Amino acid sequence: MDIISQIKENTKKAISELYQHEIQPNDILVNETKPEFEGDYTVVLFSFVKTLKKSPDALGNELGGLLIIKYPTLFSGFNIIKGFLNLSVADGYWASFLQNNYSINEFGQKEKTNQKVMVEYSSPNTNKPLHLGHLRNNFLGWSISAIYKANGYDTVKTCIANDRGIHICKSMIAWQLFANGATPETTGTKGDHFVGDYYVRFGSEYKKQVEGLQATGMSKEEAEKEAPIMKAAQQMLIDWEAGNPAVIALWKKMNSWVYAGFEETYKKIGSDFDKTYYESDTYLLGKKLVQYGLEQKVFFKKEDGSVWIDLTADGLDEKIVQRKDGTAVYITQDIGLAVNKYEEYHCDESIYVVGDEQNYHFKVLKLICQKLKIPAADHIFHLSYGMVELPTGRMKTREGNVVDADDIVDEMIHEAERKTKEQGKTEGFTDEELKDLYEMIGIGGLKFFLLRVDPKKRMLFNTEESIDLHGYTATFIQYAHARIKSILRKERESGVETLESRIGDQESGVSCKESNRDKPGINFLLPLEKKLIINLEKYPAIIEQACQDMSPSLIASYAFDLAKNFNSFYAEHSIAKAETPDKKELRLQIAQLTATTLKNSMALLGIKVPERM
RNA sequence: GGUCCGGUAGCUCAGCUGGAUAGAGCGGCAGCCUUCUAAGCUGUAGGUCAUUGGUUCGAAUCCAAUCCGGAUCACCA
């Protein structure tokens, strides 16, 4: 049990014993003691003062007194300031925590829960390349899945390819009209970018046609409807749903280009999926469910043939679920997908990582699923994240105000290379090792930058800041890790007294010798030593919190804090030349567990950490 | 207009199930490499926590109103 839970539990027992008054451990507020006061953890007494009819001082004295008598291995002292009971935790407790954990490579990993959770993320449209917004989505989804895994869940990572619909037809029409048979191969263009170019081309042509029609006296609204290229796209969607072979063939060809491009990007950024769904498969099931919903009277048909659901009783509006021409709308396929997912995996929870611009959509989707009595309906959760904005404003593909995913990834890696060369510390690295290091720093930096902000909040992406390698960045943490590894390596190499027996071997998992918690060097912790151990002890609780809040930013913030504490410690105390052999051992253990924890926490963000840099 | 989300240091963000004098990073200023990697460390300046009321022992945190910003309310996805 973590220390805070133990304090709550023991305080509850003490209050019960002293005053025959029962409270829940979770009603007790325990904080870390502010640095300006003596003690490690603080119990806030105010809330009990009234019910127990005691003065804060009396209450604190009685409570603190009993706690150190009953739990002498846990508490070494206390003091009371105003209504705060500051408890000092015994150094022996920290020493034994360290002993028990420093050689555990998977420190923080929770027991299996037998719960299965699905995380859908990425959800690309197959008509244009990925941009910065997709990257936030991908990193978030991947990380959430990793965090669930660390909490003992089985996870299924899925991707839904929005591979059909009017937007795809737009790229297709534009290619037919303007490409003269060009392909990614003939032009030497990455497939997703190639197709995206035609999507943009559609937009400009459409605009031209609308303006042309308006010049003939047509209203803007009418012109937008009547523009030939738009009508052609709409006709193409109908042909597609009818299975027109030529249209299907073109569609397959263009999508295959896009997938090849996506694959390259996913591989580079480390996104992977256990299952990819295709809207072109799920929309049919969606349409079946529309029929079912009509029979069940969940949906109703309007005179023109379009199908709707009335959600006014739930405080929403009427929502269309199928067009009058019988084609599926966006939500149609999502209903099918929800059923598909459940039938295939029977997950306990189904998370959709999708931008907050779709909050309304998911509210409606969940309601519809519930009304259709789809088994998984109640377990649909929309992990809504904020948009990524640029200093120049919101990203809009058609206006060219976008940061392309491939471009920014390459830029980050190049910057990492440039800065690394500038540092000049990579003598003896092979070309392969250098390439790995540049990617670790570059891609890690990008991931950290996008994940360090609370997912719910929209964020500003400033390129200057994102390529910074100082301060609150992945590089800072990677650097701390590399420094620790360097120390451990040297100790192992020079190990007169076989270091494996002392610090263990992380790779082989060989463990330590028996407890030496009674050694004097370990029972007098210096402030910076203790601070680090306290910091390390928190890690399992942080993993739980990050899962509950579905927030990788908590992990980022924790890892940074730990690295920072280590750096302060490193600057102040020598590990290799510690005052005594016991101190050296203690510090090696702290260093090792810190390295493990930095590595594990960064892994939850999808960020690798180097042995040297 | 309805609904939802947000407003904390010059900038980017933590803190929000109410608790001690509101914290980081960047940027500014001043220091630290004969010592385990200076991609680092230390110190310092910088705040009406949008505004106004309320709830109470105590409010950045909860409630209400107002102001400002954003999202959404499509036979787009």
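Please read all numbers here as calculations on a predicted model, not as lab measurements.
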Open item on the list: Measure NZ/A:Lys319 against P/B:U3 and give the value in whole Å, please.
Closed with: 19 Å
Task: Pair of N/O donor and acceptor under 3.5 Å linking B:A20 base with A:Asn86 side chain - done: yes
Task: Ring-face cation of A:Arg164 near A:Tyr283 (centre distance under 6.0 Å, axis angle within 45°) - done: yes
TODO: Select base, sugar-phosphate, or nothing to describe what A:Tyr570 touches, counting heavy atoms under 4.0 Å on all strands.
DONE: base
Open item on the list: Please confirm whether the shortest side-chain N or O distance from A:Lys50 to OP1 or OP2 of B:U56 is below 4.0 Å.
Closed with: no
Open item on the list: In dot-bracket form, 5' to 3', how is RNA chain B paired? Count Watson-Crick and G-U wobble pairs only if both distances fall under 3.5 Å, and write | where the partner sits on another strand.
Closed with: (((((((..((((.....[...)))).(((((.......))))).....(((((..]....))))))))))))....
- [ ] Respond yes when some side-chain nitrogen or oxygen of A:Arg323 is under 4.0 Å from OP1 or OP2 of B:A74, and no when none is.
- [x] no
Task: Pair A:Lys456 + A:Asp454, salt bridge at N-O below 4.0 Å - done: yes
TODO: May I ask you to decide if the ring planes of A:Phe449 and A:Phe461 are parallel, tilted or perpendicular, using 30° and 60° as cut-offs?
DONE: perpendicular
Open item on the list: So if I take every side-chain heavy atom of A:Ile81 and compare against B:G40, B:A20, B:A77, which nucleotide ends up nearest?
Closed with: B:A20
- [ ] Return yes if the base of B:A14 and the side-chain atoms of A:Ser553 contain a donor-acceptor N/O pair under 3.5 Å, otherwise no.
- [x] no
Open item on the list: Check the orientation of A:Phe569 and A:His573. Use parallel for under 30°, tilted for 30 to 60°, and perpendicular for over 60°.
Closed with: tilted
Open item on the list: A:His382 and ring-ring contact (aromatic ring centres under 6.0 Å, His included): which single residue from A:Tyr121, A:Phe362, A:Tyr352 fits?
Closed with: A:Phe362
Task: Phosphate OP1/OP2 of B:U42 contacted by A:Ser568 side-chain N/O (<4.0 Å) - done: yes
Task: Donor-acceptor pair between A:Asn86 and A:Thr42 side chains, under 3.5 angstrom - done: yes
TODO: Please determine, for the side chain of A:Arg483, which listed nucleotide (B:G25, B:A38, B:G15) has the closest atom?
DONE: B:A38
Open item on the list: In whole Å, I'd like the distance from the NE2 atom of A:His573 to the C1' atom of B:U42.
Closed with: 14 Å
TODO: Looking only at side-chain atoms of A:Lys82, point me to the closest of B:A71, B:A20, B:C41.
DONE: B:A20
TODO: Give A:Lys456 one of three labels, base, sugar-phosphate or nothing, depending on what nucleic acid heavy atoms sit under 4.0 Å from its own.
DONE: nothing
TODO: Determine: side-chain N/O of A:Lys457 to OP1/OP2 of B:A14, distance under 4.0 Å, yes or no.
DONE: yes
Task: A:Glu224 CD to B:A74 C1', straight-line distance once rounded to whole Å - done: 13 Å
Open item on the list: So, OP1 or OP2 of B:C36: does either fall under 4.0 Å of a side-chain N or O from A:Ser574?
Closed with: no
Task: Nearest-neighbour nucleotide for the A:Ile575 side chain, B:G25, B:C36, B:A20 considered - done: B:C36
Task: Under 4.0 angstrom between A:Asn359 side-chain N/O and B:U72 OP1 or OP2 - done: no
- [ ] Before accepting this row, confirm whether a basic side-chain N of the pair A:Arg587/A:Glu491 lies closer than 4.0 Å to the acidic partner's carboxylate O.
- [x] no
TODO: Could you tell me the separation between the NE2 atom of A:His361 and the P atom of B:C5, rounded to a whole number of Å?
DONE: 20 Å
- [ ] Identify whether the distance between the nearest side-chain nitrogen and carboxylate oxygen of A:Glu422 and A:Lys419 falls below 4.0 Å.
- [x] no
Open item on the list: By the 4.0 Å heavy-atom rule, please label A:Gln478 as base, sugar-phosphate, or nothing.
Closed with: nothing
Open item on the list: If I take atom CD in residue A:Gln545 and atom C1' in nucleotide B:U17, what distance separates them, rounded to the nearest angstrom?
Closed with: 10 Å
